[in-house]
Amino acid sequence: MYLQRRNRILRQSPAIRNLVAETKLTPDDFIVPLFIDEGSNIKTEIASMPGYYRNSLDITVSEVKELWSMGLKSVLLFIKCKDELKDNTGKEAWNKNGLMQRSIKAIKDAVPEMVIMTDVALDPFSSYGHDGIVKDDEIINDETVEALVKMSISHAEAGADFVAPSDMMDGRIGAIRKGLEENNFTKVGIMSYSAKYASCFYGPFRDALDSAPGFGDKKTYQMNYANRIEAIKETLMDIEEGADIVMVKPAMAYLDIIREVKNSVQVPVSAYHVSGEYAMIKAAAKMGWLDENKAVIESLTSIKRAGADLIATYFAKDAVKLIAQ
Ligand code: PBG
């Protein structure tokens, strides 16, 4: 048989495949989400996220040192707020001595070069488990944005490098940027969850922080997963308002959105490989139905190939070990 072109030439050995691989994962690709709890020497495995833990701050600090030594350079902080501190205003979110603010300081002191990103949304602090202030069963936009600005400034004061608003209120990026400017935080970045969908894949995360909505769902603020064009609209508006990095979330069921966003913007694009995506791989691996390590690397490579410059993932440590092999 005579063939002018044989595509298998480039696939014939691992060395050749590696030479022509278009996408390679590196530790610089990853953002490590961390769940932080009050107390000391506490390490609680999250039932729906086997192998992932909610740690007290002392353990978190050791963990961050280990992450840095592995070449992981950014963490995304989430805290579990005590029930008695939750209310409808979410005011614990901007308490100068709150767990988030103490955590930012402690991590900065221990590993000054680690890039600290912080989740900005009211749900862990809300007695309703919603990302905003509730009035007459509705999540009200403008007052919530004011709260998010206070929260962002308090994170900046504590030493955060990036605030990461994950709430999907309208106008919050512009308001946060203005708040940071007015308070002289000219070096603090905004990583906006720009295209964040109302997704069932956040279920395990809500177990981790005990932050499931007490009534209804998040569909009046998070996006409808039926929509693609809307993701571009949201993302372009966030950039216009001052976002430095934009995000698509979740990742694996939204690879088309990641690519479309990547093609539409001139800022770094991140993707959040969320808790449910972690749980699915873990569950299938536990049943013996999937090879966990292969599923992890294939998933993360696909997310990067789709266009993600950065990936927030609970598999960051595993991935760094696997790509070093
Ligand atoms: C808070 C927030 C959520 C996640 C990140 N920030 C939950 C939600 O919006 O309900 C989900 C992360 C994950 O599932 O891994 N607004």
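Computation of the quantities below employed the complete heavy-atom set of this structure, encompassing side-chain atoms and omitting hydrogens, waters and symmetry-equivalent molecules. Numbering of ligands and ligand atoms starts at 1, following listing order. Residue numbers count from 1 along this sequence.
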* Asked: Can we say Lys317 and Glu63 salt-bridge, meaning some charged N sits less than 4.0 Å from an Asp/Glu carboxylate O?
  -> yes

* Asked: Are any of the side-chain nitrogens in Asp309 or Lys304 under 4.0 Å away from the carboxylate oxygens of its partner?
  -> no

* **Interatomic spacing from CD1 in Ile190 to CZ in Arg177 - rounded to 0.5 Å** => 4.0 Å

* **Partner of Phe125 by side chain to side chain contact (heavy atoms under 4.5 Å, CB included), out of Asn88, Leu85, Ile79** => Ile79

Which ligand 1 atoms, with their elements, are less than 4.0 angstrom from a heavy-atom of [X]?
X      : result
Ser166 : 1 (C), 2 (C), 6 (N), 16 (N)
Ala121 : 16 (N)
Tyr272 : 12 (C), 15 (O)
Asp131 : 16 (N)
Tyr314 : 12 (C), 13 (C), 15 (O)

Of all the non-hydrogen atoms in the protein, which one sits nearest to [atom], and at what distance?
atom                    : answer
atom 8 (C) of ligand 1  : Lys218 NZ, 3.3 Å
atom 9 (O) of ligand 1  : Lys196 NZ, 2.6 Å
atom 1 (C) of ligand 1  : Asp123 OD2, 3.0 Å
atom 3 (C) of ligand 1  : Phe205 CE2, 3.3 Å
atom 11 (C) of ligand 1 : Lys249 NZ, 2.8 Å
atom 14 (O) of ligand 1 : Ser275 OG, 2.7 Å

* To do: For the residue pair Phe35 and Phe205, categorise the inter-ring angle as parallel (less than 30°), tilted (30 to 60°) or perpendicular (more than 60°).
  => perpendicular

* To do: Please work out which of the three classes, parallel, tilted or perpendicular, describes the rings of Tyr278 and Tyr52, given edges at 30° and 60°.
  => perpendicular

Close approach, [X] and ligand 1, non-hydrogen under 4.0 angstrom:
X      : answer
Tyr278 : no
Asp167 : no
Gln222 : yes

* Under 6.0 Å from the six-membered ring centre of Tyr202 and within 45° of its axis: does the NZ or CZ of Lys196 meet both? -> yes

* Asked: When you check the side-chain N and O atoms of Ser56 and Asp37, is any donor under 3.5 Å from an acceptor?
  -> no

* Would you call Glu181 and Thr186 a side-chain contact if the rule is heavy atoms closer than 4.5 Å? -> yes

